[in-house]
Amino acid sequence: MSSTLDLESLRNIAVMIRSRDNPQLRTIRRLRNAHARRRIDLLLLEGPHLVTAGAEAGLEFQHLLVTPEFRAAHAELVQQLEGSSGTAATPIEADRLREQADTDAPQGIAAIASPPPGWRSGRVVEPETLVLTPGLHVYLDGIQDPSNLGAIARSTEAAGAPSLLLAPGTARPSQPRALRASAGSLLRLPVWTDVEVDRLPPGVALLALTAQPSRDGGPPPKKLLFTPGASDRTQLADFISTDAVLVVGNESKGVSRPVLGRADALLSIPMSSPVESLNATVAASLALFELQRLRGG
């Protein structure tokens with residue numbers, strides 16, 4: 001009851017945000033800037049779906065911003081979000097929120113929240129190699145497009161992979177476009193950032209989704225996914241019978257040389273000519289679900 005009363009009191013005294021110099025709007029502007037975002041340990045969540053996902057994931061909301069029009073149309077949802085997050089919504093003029101929004105079509109609600117506790121950096125974890133939970137993990141090696149990162153995170157969660165690993169130089173999970181494209185998956189998945197390939201456990205099979213040769217001229221075995229024959233399927237099943245990591249490389253350059261040198265197998269997806277490649281998200285999703293099928297997952 002006291003929590004309800006506190007929220008009601010805060011709601012009654014909240015002052016409409018009208019000024020572009022409002023501190024909360026200045027924070028949003030900084031969160032939209034890549035360099036500034038690295039110095040602020042906060043996330044910008046935009047739209048009812050992502051804000052709701054953040055509340056359901058138990059994120060700590062620093063601010064919840066709602067336009068009067070959105071509250072009038074979705075009063076029950078706003079009250080639920082206030083209750084679940086413990087944060088009273090601050091009213092904001094629609095024009096002010098629209099000016100600061102990262103999305104092209106702002107929907108009248110945004111939140112500034114702390115990152116999920118499941119996000120960790122490979123730079124600050126002490127063991128020389130990471131300790132991963134059993135299963136088939138996904139390692140993104142230089143994926144640049146935040147939308148690809150978010151969409152791959154969504155497929156990673158949908159396929160039941162236990163975590164998402166990001167190499168240095170990969171887009172950041174805190175990027176607003178990545179968060180939106182993930183549809184909440186980045187807020188729920190365990191995510192490791194800045195993971196050098198030599199931090200991966202040596203006993204875990206590394207499967208690189210690429211047609212490139214290895215650096216040393218002695219390439220690891222190449223395996224074709226979705227083949228009707230039993231040979232490749234059997235050999236792949238042996239590779240991934242325990243724990244494994246699926247590597248997806250940069251959109252244009254592919255998998256980096258250090259990762260190729262560590263790979264246990266190179267995977268490729270058969271395609272009809274003249275198509276030479278697939279979007280990174282499509283390729284990652286196809287490979288991930290096929291490997292999980294071969295694992296019996």
**OP:** Verify, without hydrogens or angle tests, whether Thr156 (side chain) and Ile152 (backbone) share a donor-acceptor contact under 3.5 angstrom.
**Re:** yes
**OP:** Report yes or no: do Ile17 and Ile109 belong to one cluster of Ile/Leu/Val/Met/Phe/Trp/Tyr joined by side chain heavy-atom distances under 4.5 Å?
**Re:** no
Subject >> Heavy-atom pair of closest approach, residues His137 and Pro162 >> reply: CE1-CG, 3.2 Å
Original post:
Minimum heavy-atom separation for Gln107 to Gly47, with atom names?
Top reply: NE2-CA, 4.1 Å
Original post:
Is a side-chain donor or acceptor of Arg188 paired with a backbone partner of Ala57 at a separation under 3.5 angstrom?
Top reply: no
Original post:
Would you say Asp243's side chain and Gly135's backbone share a donor-acceptor pair under 3.5 angstrom?
Top reply: yes
Original post:
Are the charged groups of Arg172 and Asp194 less than 4.0 angstrom apart, N to O?
Top reply: yes
Subject >> In one Ile/Leu/Val/Met/Phe/Trp/Tyr side-chain cluster, 4.5 Å: Phe61, Leu186 >> reply: yes
Subject >> Heavy-atom pair of closest approach, residues Ala153 and Leu189 >> reply: O-CD1, 3.4 Å
Original post:
Under 4.5 Å between any side-chain heavy atoms of Leu132 and Pro201, yes or no?
Top reply: yes
Original post:
If two hydrophobic side chains count as joined below 4.5 Å and joins carry through other members, does Met271 share a cluster with Val248?
Top reply: yes
**OP:** Step through the shown structure and confirm whether more than 12 heavy atoms of other residues, nucleotides or ligands are within 6.0 Å of CZ on Arg96.
**Re:** yes
Subject >> Inter-residue atom distance Leu288.CG - Gln292.CD, 0.5 Å rounding >> reply: 5.5 Å
Subject >> Any side-chain heavy-atom pair of Leu267 and Leu246 under 4.5 Å >> reply: yes
**OP:** Check whether any side-chain heavy atom of Leu165 sits under 4.5 Å from a side-chain heavy atom of Arg199, and report yes or no.
**Re:** no
Original post:
Hey, does Leu225 have a side-chain heavy atom less than 4.5 Å from the side chain of Leu286?
Top reply: no
Subject >> Matching residue for Glu93 among Arg98, Arg18, Arg20 - test: salt bridge (Lys or Arg N to Asp or Glu O under 4.0 Å) >> reply: Arg18
Subject >> Residues Leu209, Val255; criterion side chain to side chain contact (heavy atoms under 4.5 Å, CB included); working and verdict >> reply: CA-CA 8 Å; Leu209 188 58; Val255 177; 5.9 Å; no
Original post:
Are side-chain heavy atoms of Thr87 and His63 found at a separation under 4.5 Å?
Top reply: no
Original post:
Should the heavy atoms of other residues, nucleotides or ligands under 6.0 Å from CZ of Arg30 be counted, would the total exceed 12?
Top reply: no
Original post:
So, does Ser19 use its side chain to make a donor-acceptor pair with the main chain of Asp21 at under 3.5 Å?
Top reply: yes
Original post:
Does Thr170 reach the main-chain N or O of Gly142 with its side chain, forming a donor-acceptor pair under 3.5 Å?
Top reply: yes
Subject >> Interatomic spacing from CG in Asp95 to OG1 in Thr67 - rounded to 0.5 Å >> reply: 10.5 Å
Subject >> side chain to side chain donor-acceptor pair (under 3.5 Å) between Ser114 and Gln62, intermediate numbers included >> reply: CA-CA 7 Å; Ser114 299; Gln62 306 296 318; 3.1 Å; yes
**OP:** Inspect the surroundings of CG in Asp198 and state if more than 12 heavy atoms from other residues, nucleotides or ligands are less than 6.0 Å away.
**Re:** yes
**OP:** Identify whether Leu44 and Leu187 are in the same connected component of the hydrophobic contact network (ILVMFWY, side-chain heavy atoms under 4.5 Å).
**Re:** no
Original post:
For residues Ser84 and Glu56, is any side-chain donor paired with an opposing acceptor at under 3.5 Å?
Top reply: no
Original post:
Looking only at atom types and distance, does a side-chain atom of Asp264 sit under 3.5 Å from a main-chain N or O of Leu206, one as donor and one as acceptor?
Top reply: yes
Original post:
Distance-only, no hydrogens or angles: does the Asp141 side chain make a donor-acceptor pair with backbone N or O of Ser256 under 3.5 Å?
Top reply: yes
**OP:** Find out whether Asn250 and Ile143 are in side-chain contact, i.e. whether some heavy atom of one side chain is under 4.5 Å from a heavy atom of the other.
**Re:** no
Original post:
Do Val245 and Leu207 have side-chain heavy atoms sitting under 4.5 Å apart?
Top reply: no
Original post:
Closest approach of Asp145 and Arg177, non-hydrogen atoms and distance?
Top reply: OD1-NH1, 3.5 Å
Original post:
Out of curiosity, does Tyr139 fall in the hydrophobic cluster containing Trp192 (side-chain heavy atoms, cut-off under 4.5 Å, transitive links)?
Top reply: yes
**OP:** Taking all non-hydrogen atoms of both residues into account, name the closest pair between Arg262 and Val197 and its distance.
**Re:** CG-CG2, 3.7 Å
Original post:
What's the shortest heavy-atom distance between Ala89 and Glu82, and which atoms?
Top reply: N-OE2, 2.8 Å
Subject >> Pairwise side-chain contact, Leu164 with Leu140, heavy-atom cut-off 4.5 Å (strictly under) >> reply: yes
**OP:** Spell out, as yes or no, whether a donor-acceptor pair under 3.5 Å connects the side chain of Gln175 to the backbone of Gly150.
**Re:** no
